[in-house]
Protein chains: 2
Amino acid sequence: MLEFAVLGLLADAPMHGYELRKRLGGLLGGLRAFSYGSLYPTLRRMQAAGWITETGSGVAPPTSGLRPKRARVVYQLTAQGKEHFADLLADASPPSWADDRFDVHLAFFARTSAEVRLRILQGRRRRVADRRDGMRASLGRARERLDRYTRELAEHGLESADREVRWLDELIAGEQADTSSEAARPAMGPQPQPHHP
Amino acid sequence: MLEFAVLGLLADAPMHGYELRKRLGGLLGGLRAFSYGSLYPTLRRMQAAGWITETGSGVAPPTSGLRPKRARVVYQLTAQGKEHFADLLADASPPSWADDRFDVHLAFFARTSAEVRLRILQGRRRRVADRRDGMRASLGRARERLDRYTRELAEHGLESADREVRWLDELIAGEQADTSSEAARPAMGPQPQPHHP
DNA sequence: GTTAGCATGTAAGGAGTTACATGATTTT
DNA sequence: AAAATCATGTAACTCCTTACATGCTAAC
């Protein structure tokens, strides 16, 4: 998780730890901020694994000509690191459909092949739809026995799952529209998602 | 988390581990299923802490008069356990607003005091609204620079947060309606939530 | 010159998972 | 008698957090 995200950020540009943490927390749009207590050890492990190296070429410690005892450490991807990142990007196996993993995958979708994108979206859709169906079923069975709060919780959960499925359907439709125009399939618009009802 | 949920389930009725796991996963309406690898050690810890005891009074191992070597172990709350559960129910401090904790709290809201319910809902609302505002701000700043997928992720996250806030507002309004009718406040309907804009 | 923010790190521990191992009971 | 499901448990591990400790740089 953290590793994957770090690889993706360093694939854009070399960076030091503090900067990585800020980007993880803030902009990426939904990814949470990891603590330094997990970030720095992770950077160590990744360096030991040969995926990243320290580099002197980063931005120098601002102003002051003096070399500080403890300068910031800028990391960049190695060739192996790039390869490993590419492998992770190409992975469309069930673990990529898990909540956290999926978000990271999506954040790096621009660098993911169209084929893998589609498979991840479909896998994710299946998973969320299954959960939704399970929720719907158990709500249907138990609705009367549930107190107001438990029912509210269950209904809100169900609705969220439902919304996510519809959102995924839109993304999938978008992918298929792109693919069919790229692959020049004669005259087929975006096909409707085969709902397994 | 697990401890809290187990206490709540055992407060209803004595149960053995397998049963606990089923209830956690299925019905409760949004709570996830924990693995046995965490459930059984947790039961041990709780027993050592004096919150639960094994009991012979549970349902006997079905059919067969013979005492099996390895019978199922039915647990029930001790007096200390009940007290501890009550303490947890009454806790409305920030940690209760975290995603997982909040769900468990809500599932046991029927046994929570009206005052604590309101404080937890308001705390949760503040937390989610803050996250939403942060998302909205960084989306506003960066929307143009974001690729399609990152933007979709961010927008879906924002919308989910927004929906949760509105849901919480409804729950809060419901609480206040109850309170004001119970406390017989002269003629005030459910007051609108003081949006901190 | 002190506070705030930038920057890096370690140690201990929390809260769970997976994989494995075993055995009892019920159903087919 | 085989397969499914009920039932309990352990060992090793993953992944992250909190709390602490340190020091540099910029701003007030």
Side-chain angles (χ1 to χ4, degrees), chain A residues 1-7 14-26 31-49 52 54-55 58-75 88 93-95 98-101 103-104, chain B residues 1-7 14-26 31-49 52 54-55 58-75 88 93-95 98-101 103-104:
Chain A
M1 256 282 349
L2 223 194
E3 255 173 33
F4 191 5
V6 166
L7 286 169
M15 240 175 282
H16 57 274
Y18 196 87
E19 178 80 19
L20 279 166
R21 203 236 178 187
K22 269 198 304 186
R23 299 227 188 166
L24 284 169
L31 258 52
R32 71 175 194 286
F34 293 84
S35 68
Y36 296 120
S38 80
L39 178 57
Y40 288 113
T42 294
L43 288 170
R44 289 274 165 112
R45 259 186 296 113
M46 291 174 71
Q47 193 174 12
I52 60 178
E54 296 182 21
T55 171
V59 187
T63 43
S64 145
L66 294 160
R67 231 302 209 56
K69 282 167 199 163
R70 206 192 201 181
R72 46 185 179 170
V73 185
V74 176
Y75 294 97
L88 291 178
S93 67
D99 292 349
D100 284 357
R101 270 289 231 285
D103 286 353
V104 182
Chain B
M1 260 282 347
L2 221 194
E3 253 172 35
F4 192 5
V6 166
L7 286 169
M15 240 174 282
H16 58 273
Y18 195 87
E19 178 80 19
L20 279 166
R21 204 237 178 186
K22 269 198 305 186
R23 300 228 187 164
L24 285 168
L31 259 51
R32 71 175 193 285
F34 294 84
S35 68
Y36 296 119
S38 82
L39 177 57
Y40 288 113
T42 294
L43 288 170
R44 288 273 166 114
R45 260 187 294 113
M46 293 174 70
Q47 193 174 11
I52 60 177
E54 296 181 20
T55 172
V59 186
T63 45
S64 146
L66 293 161
R67 192 53 148 15
K69 283 167 199 164
R70 205 191 200 182
R72 45 184 179 171
V73 185
V74 176
Y75 294 96
L88 291 177
S93 68
D99 291 349
D100 283 357
R101 268 291 231 286
D103 285 354
V104 182

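Values in this document were obtained by computation on a predicted structure and should not be read as measured data. Numbered from 1 within each chain, the chains take letters A, B, ... in sequence-line order.
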* Reckon B:R21 has a side-chain N or O less than 4.0 Å from the OP1 or OP2 of D:dC6? -> no
* Asked: Closer than 4.0 Å, any side-chain N/O of A:R72 to the OP1 or OP2 of D:dC24?
  -> no
At what distance, to the nearest 0.5 angstrom, does [atom1] of [X] lie from [atom2] of [Y]?
X	Y	atom1	atom2	value
B:M1	B:F34	CE	CZ	4.0 Å
A:M46	A:E3	CE	CD	5.5 Å
B:K22	B:H16	NZ	NE2	7.0 Å
B:Y36	B:L20	OH	CG	10.0 Å
B:R101	B:L88	CZ	CG	6.5 Å

* Residue A:R44, side-chain heavy atoms: nucleotide from C:dT8, C:dG9, D:dG9 that is nearest -> C:dG9
* Structure fact -> Per atom distances to the A:Y18 side chain, the nearest of D:dA7, C:dA7, D:dG9 is C:dA7
* Relative orientation of the end axes in the helix from C:dG1-D:dC28 to C:dT28-D:dA1, expressed as an angle to the nearest 10° (five pairs per end) -> 30°
* When you check every protein heavy atom under 4.0 Å of nucleotides 12-20 of chain D, what one-letter string (B, S, -) results, 5' to 3'? -> ----SBB--
* Structure fact -> Residues B:I52 and B:L43: closest non-hydrogen pair is CD1-O, 3.5 Å
* Structure fact -> Taken to the nearest whole Å, CG/B:L20 to P/D:dG9 is 12 Å
